[in-house]
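What follows is a set of notes on a single structure, which appears directly below.
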Amino acid sequence: MSAADTTTAEVPPTRQSPPPPPAGEADARRPRGGRGPGGTASPWLLLAPCLLVLVLVMGYPLARLVTLSFQKFGQSQLWGFQPAESVGFGNFADVLGDAEFWRVVLRTIVFAAGCVIVTMVLGMLVALLLQRVSGWVKTLVNIALVAGWGMPVIVATTVFKWLFDSDYGILNAVLSRLPGVDLIGHNWFASGPQGLAVIMLLVIWGAVPFVVITLSAGLTQVPAELEEAARLDGAGAWGVFRYVTLPVLKPVVVMLTTLSVIWDMGVFPQVFVMRNGHPEAEFQLLTTYSYDRAFVVNDYGQGSAIALVTVVLLLGVVAVYMRQMLKIGEVE
């Protein structure tokens with residue numbers, strides 16, 4: 001027996017792949033829809049319960065809101081004494097032609113812009129600070145943030161009413177201890193700007209925890225190698241934040257800013273409760289103004305028109321958000 005006979009093993013025959021099926025048979029076997037079993041129907045079946053809930057919870061009220069905005073609808077129509085009368089765009093003409101409405105719109109925009117800017121700046125500062133403290137300090141701060149975030153709005157508003165009360169408020173007593181300051185008996189709600197500033201602090205206090213927690217989660221995705229490289233290149237703290245941290249956090253910042261604008265333009269219970277259910281003219285925002293027109297003046301048509309205009313303004317904010325997110329997606 002030669003060496004070649006002892007070292008050479010038998011090689012099994014190569015398995016032949018089956019011939020491809022005919023074109024007609026292959027098309028018959030391929031699932032319709034091009035997306036595996038179920039085709040394109042499966043995502044819609046999974047979304048159906050959520051879509052049904054949205055239609056039931058939001059669809060009918062929104063449709064009713066649109067209907068009322070084109071009708072003359074007051075107490076007589078509410079109680080069934082008279083039928084609802086279509087007025088076309090009359091309610092919108094009356095609302096848009098009212099100078100008081102535009103003052104409310106401007107006040108709402110200024111109020112929301114102030115809340116959003118202070119909330120985002122303060123939330124970013126706290127989130128950056130939490131990255132540089134010890135673990136137990138971070139835990140305590142997060143517990144405090146979650147506790148403040150979870151406090152009901154009515155409870156928080158009641159606490160702020162007590163803090164800024166002219167007779168028994170602790171803030172006046174504390175500030176009056178400063179040299180040259182005498183705020184005993186000072187009424188913070190005697191003027192619109194001061195009162196709205198107090199309500200703005202209330203809104204910011206309730207919004208900062210969510211922003212801090214979300215930004216803290218986003219900061220964990222910033223590569224430490226990029227920050228270290230920027231420092232080695234001579235960048236300071238501001239340079240690292242501007243050219244490394246902020247670009248990574250841009251999608252989160254855009255999302256938080258958009259949500260904050262929507263929430264702050266829809267502020268209602270803070271103003272309503274702080275003013276004991278009767279906001280004065282200088283405290284009116286779009287939400288409370290719509291409520292007053294509908295349930296105080298009993299003009300449900302104009303109240304619905306104001307609410308619909310508010311929805312259109314918020315849709316504009318959403319459109320800007322979607323455009324920014326699409327730009328971010330194209331860059332990535």
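Starting from 1, each residue takes its place in the sequence as its number. When reading the values below, keep in mind they use all heavy atoms of this one structure, side chains included, and skip hydrogens, waters and symmetry mates.
In this structure a side-chain-to-backbone donor-acceptor pair under 3.5 Å is present from Gln284 to Tyr289. Under a 3.5 Å cut-off, the side chain of Asn91 and the backbone N or O of Gln71 do form a donor-acceptor pair. For the pair Ser290 (side chain) and Leu286 (backbone), a donor-acceptor distance under 3.5 Å is absent. Without hydrogens or angle criteria, Ser69 side chain to Ser304 main chain gives no donor-acceptor distance under 3.5 Å. At distances below 3.5 Å, not a single donor-acceptor pair connects side-chain atoms of Glu227 with backbone N or O atoms of Val240. In this structure, the side chain of Ser176 engages the main chain of Leu183 through a donor-acceptor pair within 3.5 Å. Remark: the backbone N or O of Gln75 is not paired with any side-chain donor or acceptor of Asn298 at under 3.5 angstrom. A donor-acceptor pair is defined here as one N or O able to donate and one able to accept, closer than 3.5 Å; such a pair exists between the side chain of Asp98 and the backbone of Glu100.
Inter-residue side-chain proximity for Val312 and Val309 is flagged as unmet; no heavy-atom pair is nearer than 4.5 Å. Side-chain contact between Leu96 and Trp102: present, with at least one pair of heavy atoms (C-beta onward) separated by less than 4.5 Å. Contact check for Ile306 versus Phe101: side-chain heavy atoms found under the 4.5 Å cut-off. Between Thr119 and Leu256, the closest side-chain pair of non-hydrogen atoms is not below 4.5 Å. Side-chain contact between Val261 and Tyr321 is absent, with no heavy atoms from C-beta onward closer than 4.5 Å. Asn142 has its side chain within reach of Leu145: a pair of non-hydrogen atoms, C-beta onward, lies under 4.5 Å apart. Counting heavy atoms from C-beta on, the side chains of Val95 and Arg293 never come closer than 4.5 Å.
Going from atom CD1 of Ile262 over to atom OG1 of Thr257 covers 11.0 Å, rounded to the nearest 0.5 Å. Distance check, rounded to the nearest 0.5 Å: CD of Glu228 to CG of Leu226 gives 11.0 Å. The distance from the CG atom of Leu314 to the OG1 atom of Thr258 is 11.5 Å, given to the nearest 0.5 Å. Annotation: the span from Thr245 atom OG1 to Gln221 atom CD amounts to 13.0 Å, rounded to 0.5 Å. The structure places CG of Leu315 at 12.0 Å from CE of Met322, a figure rounded to the nearest 0.5 Å. The structure places CG of Leu259 at 10.5 Å from CG of Asp264, a figure rounded to the nearest 0.5 Å.
Residues Ala127 and Val212 share a closest heavy-atom pair of CB-O, 4.0 Å. Here the closest heavy-atom approach between residue Met120 and residue Ser260 is recorded as SD-OG, 4.3 Å. The two residues Trp188 and Leu171 come nearest to each other via the heavy atoms CZ2-CD2, 4.1 Å. Here the closest non-hydrogen pair linking Val104 and Leu285 is CG1-C, 3.4 Å. Nearest heavy-atom pair across Phe189 and Val198 is CZ-CG1, 3.9 Å. When all heavy atoms are compared, the tightest approach of Thr287 to Met265 is CG2-O, 3.8 Å.
Note on residues 294-320: pairs passing ring-ring contact (aromatic ring centres under 6.0 Å, His included), not counting sequence neighbours, are Tyr291-Phe295, Phe295-Tyr300.
In this structure, Leu215 is a member of the same hydrophobic cluster as Val244, with clusters built from ILVMFWY side-chain heavy atoms closer than 4.5 Å. Residue Leu246 is not grouped with residue Val121 when hydrophobic side chains (ILVMFWY) are merged at heavy-atom distances under 4.5 angstrom, including chains of intermediate members. One hydrophobic cluster, built from ILVMFWY side chains closer than 4.5 Å, holds both Val141 and Val133. Taken together through direct or relayed side-chain contacts under 4.5 Å among Ile, Leu, Val, Met, Phe, Trp and Tyr, Val271 and Val155 form part of one hydrophobic cluster. In terms of hydrophobic clustering, with Ile, Leu, Val, Met, Phe, Trp and Tyr side chains grouped at heavy-atom distances under 4.5 Å, Leu201 and Phe272 are assigned to different clusters.
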message: One pair to check against side-chain contact (heavy atoms from CB on, under 4.5 Å): Leu249 and Met124. What are the steps and the verdict?
response: CA-CA 10 Å; Leu249 288 179; Met124 180 66 75; 4.2 Å; yes
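When each of Phe111, Phe210, Phe268 is paired with Trp263, the ring-ring contact (aromatic ring centres under 6.0 Å, His included) condition holds for Phe210 and for no other.
Every salt bridge (Lys or Arg N to Asp or Glu O under 4.0 Å) that Glu280 has, sequence neighbours left out, goes to Arg275.
In this structure, Leu129 places its CG atom where more than 12 heavy-atom neighbours from other residues, nucleotides or ligands lie under 6.0 Å away.
Classification of the Phe89-Phe70 ring pair by plane angle, with boundaries at 30° and 60°, yields perpendicular.
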